[in-house]
Amino acid sequence: TGDGDYQTLARMMAPFDGRAKHVAMTHSGSAYRGNPNHYNRQDAVFGARLRFIGADSLHLADGAIPAVPWFSTCDDIIPASEPFDLGDRLVVAHSPSSRDKKGTDAILATLELEQRDIADRRRQHVELDEDGGPPEMVIDCIEGVPYSEARDRRAMAAIFVDQLNPAVGGFGASAVEAMAQGCAVIADIRNVVYEDGGARYGLDAPPIVEVRDADALEEELDRLVRC
C-alpha cells in the first residue's frame, strides 16, 4: 500500500534487487487525498506500473501511471435475501468519517427537513382517517462507534446518504458496503460520472443516486420515500 512509509516499502523490496517487474500501488485512505501530488511522484519513483485508488480519490491521480478504482471487499457482509420491508419506519443512515469532508451538516439539515415534512403528512393522514400514509422517518447518524456496530446499524437502514461534497465527488468503502447490505445509496459522485450520466474511466456508472446539492438531496429523498 502506498499510504504508508515509502522508505519502509523500499527496504522491503530491496531483496528483489529490481527483479520485481510489475509493481502496483494501492491508495485507499485519507493520506492520498491529503497530498496526492506527493504520492503521485513517489509512485513514479517507486516504479509503479498500475495503481488502485479509492473511487472517491481517483480524480486526483495524474495520467503518468494507469489508475483504476479500488473497492474494499465485502466478504463479511451478507446481503438481504428478501425484499426490504419498510413497515412503519424508514431509517435513513449517514456515517461520517469526517463531518467536513462528508458534508454532514448539510446532510443532516436536509434530512431533518424531510423528516418534518413526512411527520406533517402522517398527521394529515391520521386526521383524515386515510390509509397509505408515509412511514415514520428515523435519522441515524452513525459515528464514534466500533465498525461492527456501524455495520449492524447501517443494515437497518433503507437509505444511506454517503456524502455531499463537490471536493470529494466520489464514493468510498461505506457506500460500497451499504449497497452490499441492500441500501439505496445517495451521494455526490460528480467526479465518477459525466454530466450525461455516463461513467468515467471506461466503467459503467455505479448504482448510486447522484445528487450535487442539498436541494437535489431533498428531492431524491422525497422521491425514494414515495416509491
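The figures that follow rest on heavy atoms only: side chains count, while hydrogens, waters and symmetry mates do not. We're numbering straight along the sequence, starting at 1. Remember, it's a predicted structure, so these values are computed and weren't measured experimentally.
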Starting at [atom1] of [X], measure out to [atom2] of [Y] and round the result to the nearest 0.5 Å.
X	Y	atom1	atom2	value
Glu218	Asp213	CD	CG	10.5 Å
Phe171	Ile186	CZ	CD1	15.0 Å
Glu219	Thr110	CD	OG1	12.5 Å
Ser97	Glu143	OG	CD	10.0 Å
Leu113	Ile118	CG	CD1	11.5 Å
Glu114	Leu221	CD	CG	5.5 Å

Considering all heavy atoms of both residues, which atom of [X] and which atom of [Y] are nearest to each other, and what is their separation?
X	Y	answer
Phe160	Cys183	CB-CB, 4.0 Å
Ile208	Met179	CG1-SD, 3.8 Å
Asp162	Ala187	CB-CB, 3.9 Å
Ile53	Ala67	CD1-CB, 4.0 Å
Ile189	Pro206	CD1-CG, 3.9 Å
Asp222	Arg121	OD1-NH1, 3.1 Å

Are the side chains of [X] and [Y] in touch, meaning some heavy atoms are under 4.5 Å apart?
X	Y	value
Arg99	Leu108	yes
Val92	Met137	yes
Thr104	His94	yes
Val138	Leu90	no
Arg51	Pro66	no
Glu177	Tyr147	yes

Heavy-atom donor-acceptor pair, [X] side chain to [Y] backbone, under 3.5 Å:
X	Y	result
Gln181	Arg151	yes
Gln163	Asp188	yes
Asn191	Val168	yes
Asp43	Ala48	no
Asn40	Pro36	yes

Determine, step by step, whether Glu210 and Arg190 satisfy the side chain to side chain contact (heavy atoms under 4.5 Å, CB included) criterion, reporting the C-alpha distance in whole Å, the side-chain angles of both residues, the deciding distance to 0.1 Å, and the verdict. CA-CA 8 Å; Glu210 183 187 10; Arg190 69 182 68 198; 4.2 Å; yes

Which of Arg89, Arg153, Arg154 passes salt bridge (charged side-chain N to carboxylate O under 4.0 Å, His left out) with Asp140? It is Arg153

Shared hydrophobic cluster, Ile142 / Leu164 (ILVMFWY, side-chain heavy atoms < 4.5 Å): no

Do Leu60 and Ile65 belong to the same hydrophobic cluster, where Ile, Leu, Val, Met, Phe, Trp and Tyr are linked whenever their side-chain heavy atoms lie under 4.5 Å apart, directly or via other members?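 No, it is not one cluster - the side chains of Leu60 and Ile65 are not joined through contacts under 4.5 Å.
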
Could you check, using the six-membered ring where one of them is a Trp, whether His27 and Phe52 have ring centers closer than 6.0 angstrom?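 Centroid separation for His27 and Phe52: 6.0 Å or greater.
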
